[in-house]
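Remember, predicted model here, so these are calculated numbers, not experimental data. So that the names make sense, note that chain A is the first sequence line, chain B the second, and so on, each numbered from 1.
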2 protein chains.
Amino acid sequence: MTEPTPEQTERLAIAFERFTRRFKVAEAAAALQNALNALDIQALLFINERPECSLGDVARHLQVAMTTMSSSADRLVRRGMIERQRPEANRRSVALTITPNGQEAVAGYMDGYRASCRAMLDALDSDDRATFLRLTELIAKYED
Amino acid sequence: MTEPTPEQTERLAIAFERFTRRFKVAEAAAALQNALNALDIQALLFINERPECSLGDVARHLQVAMTTMSSSADRLVRRGMIERQRPEANRRSVALTITPNGQEAVAGYMDGYRASCRAMLDALDSDDRATFLRLTELIAKYED
DNA sequence: TTGAATAGTACGAAAATCGTAGTATATGCC
DNA sequence: GGCATATACTACGATTTTCGTACTATTCAA
């Protein structure tokens, strides 16, 4: 397989910066709506996808100090969005699970995210849309 | 033009989440390298693209309080990455310009960004790559 | 020319992040 | 089993960041 040229990479970088900016704005708006900061919403998304995960899991995933994650969990518990449990299997750790309240916040965030994605697809006609999806999924799979 | 189906939107949302996560990691790494926080690096990128811009311009663009932006500028000046000037045209405002030192930091950040973009293109063969670029640029243009 | 609007800064309060030290639990080795 | 060590987390305090309020300097407009 041939390599992408520097020009191609540059073109993609420029085009992509526009998307990511829009996503960021949508993200910030969603966080604001629930009065959550950027870290807390990311933590909530992770906990939603991985029920019973530990504090350490989240801290590693988001690359923050353990104590920072502990504070974030405090805030999420205080807002009734997650619960801390002591699993019998390993009573040192905590198992984090999302509450209905937290799921609501996640749904709100995902709606905004989907709206951004939809806006992208709106720019394309039916054929191009199918092609774009195929290629995007190809890239997503490859990156693993 | 037909509308995207909810299924298509969902597929794109899922695929896209992987990209943005990778970009975020690269971003965090770049910021860490220069000991800049997320806001400061975004401000620096904006100032790089719009020399002589005002503090208010940056604050509006990044959706933060004016005072927050003032503090961010303080930090960037202290690190020798930007300069504050009083333009004669309007002596209330400040014109922000990047320094060679700041340009270096921007270049480092952009390198990481380009690497992420390149990794995406690496997943595709030559034909698909050209198609993907065309569609991505179509979307970027449309979104304006 | 004087009153209102604009652009930014100073300062202090609130929040977030992180490092250090501590507690509780688990594991390994004798 | 018993004891040292490692793991998972929390408490607490220091530092940094964000932001609101009040202030200064400059511009605009009637």
Exercise for the section: Return the 5'-most residue of the pair A/Ala35, A/Ala89 with respect to DNA chain C, ranking by each residue's nearest nucleotide. Expected result: A/Ala35
Problem - 5′-ward residue of the pair B/Ser93/A/Gln63 relative to DNA chain C - result: B/Ser93
Separation of [X] atom [atom1] from [N] atom [atom2], in whole Å?
X: A/Asn37; N: C/dC18; atom1: CG; atom2: P; result: 12 Å
X: A/Leu36; N: C/dA16; atom1: CG; atom2: P; result: 10 Å
X: A/Asn90; N: C/dT27; atom1: CG; atom2: P; result: 7 Å
X: A/Arg79; N: C/dA16; atom1: CZ; atom2: C1'; result: 12 Å
X: B/Arg60; N: C/dT6; atom1: CZ; atom2: P; result: 11 Å
X: A/Met66; N: C/dC18; atom1: CE; atom2: C1'; result: 13 Å
X: A/Arg86; N: C/dA26; atom1: CZ; atom2: P; result: 10 Å
X: A/Asp74; N: C/dC18; atom1: CG; atom2: P; result: 15 Å

Exercise for the section: Please round to the nearest 0.5 Å and tell me the distance separating atom CE of B/Met69 and atom CE of B/Met66. Expected result: 9.5 Å
Fill in the blank from the handout: Closest to the side chain of A/Ala65, out of C/dT25, C/dA7, C/dC18, is C/dC18
Completion exercise
A/Arg91 has its side chain closest, among C/dA16, C/dA7, C/dA26, to C/dA26
Practice task
Decide if the gap between the ring center of A/Phe132 and the ring center of B/Phe16 is smaller than 6.0 angstrom.
Solution key: no
Practice task
Could you tell me whether A/Ser72 contacts a base, only the sugar-phosphate backbone, or nothing, with contacts defined as non-hydrogen atoms closer than 4.0 Å?
Solution key: nothing
Fill in the blank from the handout: Residue pair B/Asp40/A/Ser71 against DNA chain D: nearer the 5' end by closest nucleotide is A/Ser71
Handout entry: Heavy-atom contact window of chain B on DNA chain D, given 5' to 3' at under 4.0 Å
Key = D/dT17 to D/dT27
Fill in the blank from the handout: Closest heavy-atom pair, B/Gly80 versus B/Asn101, reported as atoms and distance to 0.1 Å, is O-CB, 3.1 Å
Would you mind checking if [Y] and [X] are paired as a salt bridge, meaning a charged N to carboxylate O distance below 4.0 Å?
X: B/Arg118; Y: B/Asp122; result: yes
X: A/Arg84; Y: A/Asp74; result: yes
X: A/Glu88; Y: A/Arg91; result: yes
X: A/Asp40; Y: A/Arg79; result: no

Exercise for the section: Ignoring backbone atoms, establish whether A/Arg75 has a side-chain N or O less than 4.0 Å from OP1 or OP2 of C/dA16. Expected result: yes
